[in-house]
Amino acid sequence: MSDIETPDVQSRWQGAPSSPQGALDRIRRFGPSFTLAFFQNSPDSVSLLSAGGVIEYMNPNGLAILGFDRSDEIAGLSWSTLWPVETQTKVLAALSQAKSGVPARYESTLGYLNAPETRCAITLSPLMAPDGHVDALLAVVRSQ
């Protein structure tokens, strides 16, 4: 018999959270292991950027989209260099908005040298430090 329980419609898994808040609390308890699993396994390109928009880390799927093998090959580049010149105003405005603490969204094709022509929806989310300032940005790129 499998170690995975298959609940029927009439029952709940034992110990499973019964509310969205309970589920969020459970995720928080996982801490760094949840964060790492999310980054590594997301089907989207997920990157950690400095508050100034410099790439610090990119997950394996993001690297594959851009044609890289390792995160250290792209770390240190400005986020804006990934996008075509004609969308730079939009990219820089989104970075500025996210740095101010407000999530930003835009659409573009990838423009980086190794990247194939791919239409993308991009979300930049501020990551707040305990004192309330924007410490970093989370960039999620979804191919359309």
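No experiment lies behind these values; they were computed from the predicted model shown. Starting from 1, each residue takes its place in the sequence as its number.
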Original post:
Between F38 and I27, is a side-chain contact (heavy atoms from CB on, under 4.5 Å) present by the stated rule, with each step listed?
Top reply: CA-CA 11 Å; F38 172 79; I27 288 169; over 6 Å; no
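- Between the CG atom in L49 and the CE atom in M58 there is a gap of 8.0 Å [rounded to 0.5 Å].
- Taking hydrophobic clusters as Ile, Leu, Val, Met, Phe, Trp and Tyr residues chained together by side-chain heavy-atom distances below 4.5 Å, V91 does not share a cluster with V102.
- Distance CG/N59 to CG/D44: 8.0 Å, rounded to 0.5 Å.
- Atom CD1 of I122 is separated from atom CD of Q144 by 7.5 Å, given to the nearest 0.5 angstrom.
- Inter-residue side-chain proximity for R142 and C120 is flagged as unmet; no heavy-atom pair is nearer than 4.5 Å.
- The heavy-atom pair separating A51 from L137 by the smallest distance is O-CD1, 4.1 Å.
- Residue N61 comes nearest to S42 through the heavy atom pair CB-O, 3.7 Å, listed as atom of the first residue, atom of the second, then distance.
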Subject >> Chi angles and distances behind the side-chain contact (heavy atoms from CB on, under 4.5 Å) call for W79, S47 >> reply: CA-CA 9 Å; W79 180 254; S47 300; 3.8 Å; yes
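- Contact record, R70 with L63: C-CD1, 3.5 Å, taken as the closest heavy-atom pair.
- The two residues A94 and Y106 make their nearest non-hydrogen contact at CB-CD2, 3.5 Å.
- Contact check for I74 versus I55: side-chain heavy atoms found under the 4.5 Å cut-off.
- L77 and L48 are members of different hydrophobic clusters when ILVMFWY side chains are connected at heavy-atom separations under 4.5 Å.
- Hydrophobic clustering, with ILVMFWY side chains joined whenever heavy atoms are under 4.5 angstrom apart, groups V141 together with L92.
- The backbone N or O of P103 sits less than 3.5 Å from a side-chain atom of Q97, completing a donor-acceptor pair.
- E86 contributes atom CD, which lies 7.0 Å from atom OG of S108 (distance to the nearest 0.5 angstrom).
- Here the closest heavy-atom approach between residue I65 and residue S143 is recorded as CD1-OG, 4.2 Å.
- Residues L124 and L138 have side chains not in contact (no heavy-atom distance under 4.5 Å, counting atoms from C-beta outward).
- Linking Ile, Leu, Val, Met, Phe, Trp and Tyr residues whenever their side-chain heavy atoms come within less than 4.5 Å leaves L82 and V54 in two separate clusters.
- Although no hydrogens or angles enter the test, the distance criterion places a donor-acceptor pair under 3.5 Å between the side chain of Q88 and the main chain of W83.
- Expressed to the nearest 0.5 Å, how far CZ of F34 lies from CZ of R29 amounts to 12.5 Å.
- No path of Ile, Leu, Val, Met, Phe, Trp and Tyr side chains, each step under 4.5 Å between heavy atoms, connects L24 with M128, placing them in separate hydrophobic clusters.
- Nearest heavy-atom pair, S100 versus V134, reported as atom, atom and distance to 0.1 Å: C-CG2, 4.4 Å.
- At a threshold of 4.5 Å between non-hydrogen side-chain atoms, the residues L110 and L66 count as touching.
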